[in-house]
Amino acid sequence: MLLRRARQSEALFRDFVRQRFSLELGSAAAKSPPRIEFGDLAFAFPFELARSLRRAPRDIALEIAANFPAPPWMARVEAAGGYVNVFLKRDRFLADLRDSLSASPEPPRGPKIIVEHTNINPNKAAHIGHLRNAVLGDTFGRLLRSRGHSVEIQNYIDDTGVQVADVVVGFRHLRKLSLAQVRAIPEPFDYYCWDLYAKVRDWYRREDSRLEHRRRTLREIEEGEGETSRMAEHVSLRIVNAHLRTMWRVGVRYDVLPRESQILRERFWDEAFDQLKQRKAITHVADGPNRGCWVMRLPGENGQPAEEKIIVRSDGTVTYVGKDIAYQLWKFGLLEKSFRYRVVHRYPDRDEVWMTSSDGASDVEKDFGRGQSVYNVIDVRQSYLQRVVVHGLRSLGHEVPADQSTHFSYEMVALSQKCSQELGIELSEADRARPYVEVSGRKGLGVKADDLVDKLIEKSLQEVADRQPDLTREARLRIATRIAVGALRYFLLKYARNSVIAFDFGEALSFEGETGPYLQYSVVRANNIFRKLRSRRGGAGQREQENRQEDLWEHPERFADLLEDDQIWKLLLQAGRSEGAIEQSFKTLEMSYLAKHAFSLAQIFNIFYHSHHILSQKDSRKQTCYLAVADTARRAMTRSLALLGIEVPERM
RNA sequence: GCGCCCGUAGCUCAGCUGGACAGAGCAACGGACUUCUAAUCCGUGGGUCGGGGGUUCGAAUCCCUCCGGGCGCGCCA
């Protein structure tokens, strides 16, 4: 609501300045005044006008304030120093805010936006780093949907890569297990593989010649036949299902899982390779160190020397980037071939996840891919490879798709020194001197996602048991789970993308202060007011209350004096900033902005809650007004939390 | 060596495209529960915004430079 008023004000001031001074404003952007006494929207353009008008900014601001014709939703305009400050009409604002919060969400429209996230190698359990990726991508997807875009969430499965091969080598050569025996391994299979993978890496390290097993396994997997290949498929499918369950626990879901094996077997790569050769986007190297390879030439950027990136190795196999280019082309609908799909997983709410599959029914009418823009949620360490992929599209002449390809980058989750100590990780002298310890799947070093979620649930269950002893076990567990997810998601979202999270159990498991449970608690408190109100009042009292509310929405001006209360007004203003926060989050791909906005809203609500006791309020006009304010605030809070993927428990 | 990112309170971090006295959470200390749940609220202390220069009416924010730290630059992904 505030965003709308800000834009309208900007346009009005622009027109006014044009008429009065015959000048075109460069920037008329509205800002938030530092203090509420200064108004609701601040404009600094008199400073800009001062130069051309050769007058003091203060004079200009005064002249504008005195002569500007304020629209009906503006209470007044004041000059303060060189600023022009706008004060909104508060009763009108409350009514408008109420309307915008009551509006039903927009149905998806327009061209499809594809968000690719998670992309965990299907060879071991997911860890906290993967959670950050998934929660960022999922939240971004929610944000896009709330803006009315149609969105497709993809999760790419690298099922023919080195990491899966290594686990297969572990089963066959270290554990000497047959496929049937691997099938018989009990859950949690992803945990079993986590340890096995680290062991295999260690086994290689002790004797280089053992890498030959990996090479052979990799080749057999790519060929797609025989026991090795079937074991690889079993491993990756089972792990993918484990990942889907883990992510479901924290509220993350997917539409489709494209598999790398399909890109190879359905000859997507061959088609992309032909295109690249035809457009001369890649060239065959005759001699030098890259002899026999197909390479892409990358122009030197800002003084950088040009370089060559190998796309096809001298032995004819494709690199990861090569396959990624084919995948990116498919996402934009730039390949003629199409995948076949089958359902790989069904969520508890019966929603389906599809996966590319050669044995999928060819008559499945699923229009996956063909996006208009694509966001790849991948950590910042892969920036270089993402640039290569985009350059690939560009050199094939796909300028628009290249421009519509966005690398949604973010920094890694590392372990704080304290955390790695708690986990009993042995560190070298050099590692101890570092600010944090990098998570390493190869060394089996990290905090597993499910372990963390379990820990969070365990802790919140204890807290709930203390406070809600009357509830059933099931109810307590349901509440504890929501709190755990709230704590985890908020923790992963509150940091800016390019800030390394040094993971610390103390901070992640905290339920106080700037945390998910704080936000949930605020809404629960608001909801309690209305629940108590319903249970206290009989039918007649209920109707009387409703009539008073009706009166407020029909004649908000009758309550205008009560809105002069700055604590109330701060709360309404913050609730009105939601669209602005969404807009800002979208433009900067910064989910932390949205998180901070929601936190700030909850904070202001709690202040209001403390100073305005509603149910004991004797003055019925005041009570009616405060109820309207509380209701508006809880709706705004619930919406913001939903965007963050945080559900509100019925009690806490 | 080259490129990208970071350096703000004891700790963890905000500070949006430069704007009105630099904020939050945690930690510390002191207060507020017969009240709509204290997972809360109020108060106190704590900062030469890494150093230096520049642009500007105005710089934590933009530019240059130096210092410190992280990451990337594979016929790995």
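In what follows, chains are A, B, ... by sequence order, proteins preceding strands, each numbered from 1.
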Inset, instruction - Would you kindly give the CD1-to-P distance between A:I501 and B:C71, to the nearest whole Å? - result: 16 Å
Legend entry - Phosphate OP1/OP2 of B:C36 contacted by A:R651 side-chain N/O (<4.0 Å): no
Legend entry - Separation of B:U12 P from A:L415 CG (nearest whole Å): 15 Å
Inset, instruction - Check whether any side-chain nitrogen or oxygen of A:R51 sits under 4.0 Å from OP1 or OP2 of B:C57, and answer yes or no. - result: yes
Legend entry - Under the 3.5 Å Watson-Crick or G-U criterion, the dot-bracket string of RNA chain B, with | for inter-strand pairs: (((((((..((((.....[...)))).(((((.......))))).....(((((..]....))))))))))))....
Inset, instruction - Using only heavy-atom distances, decide whether a donor-acceptor pair under 3.5 angstrom links the side-chain of A:Y593 to the base of B:C16. - result: yes
Legend entry - Rounded interatomic separation in angstrom, taking CZ from A:F505 and C1' from B:U12: 17 Å
Inset, instruction - Report yes if at least one side-chain N or O of A:R381 is closer than 4.0 Å to OP1 or OP2 of B:C4; otherwise report no. - result: no
Inset, instruction - Would you state whether a donor and an acceptor, one from the side chain of A:T319 and one from the base of B:C75, lie under 3.5 Å apart? - result: no
Legend entry - hbond_proxy A:R467 side chain to B:A39 base (donor-acceptor, 3.5 Å cutoff): yes
Inset, instruction - Would you state whether a donor and an acceptor, one from the side chain of A:N85 and one from the base of B:A20, lie under 3.5 Å apart? - result: yes
Legend entry - A:H613-B:C36 aromatic stacking (under 5.5 Å, under 30°): yes
Legend entry - Distance in angstrom units between A:L519 CG and B:A39 C1', rounded: 11 Å
Kindly give the atom pairs (protein nitrogen or oxygen, nucleotide nitrogen or oxygen) under 3.5 Å for nucleotides 23-27 of chain B.
| from | atom 1 | to | atom 2 | distance (Å) |
| --- | --- | --- | --- | --- |
| B:A24 | O3' | A:Q603 | NE2 | 3.1 |
| B:G25 | OP1 | A:Q603 | NE2 | 3.4 |
| B:G25 | O2' | A:E514 | N | 3.4 |

Legend entry - Aromatic-base stack, A:F38 on B:A20, cutoff 5.5 Å, angle under 30: yes
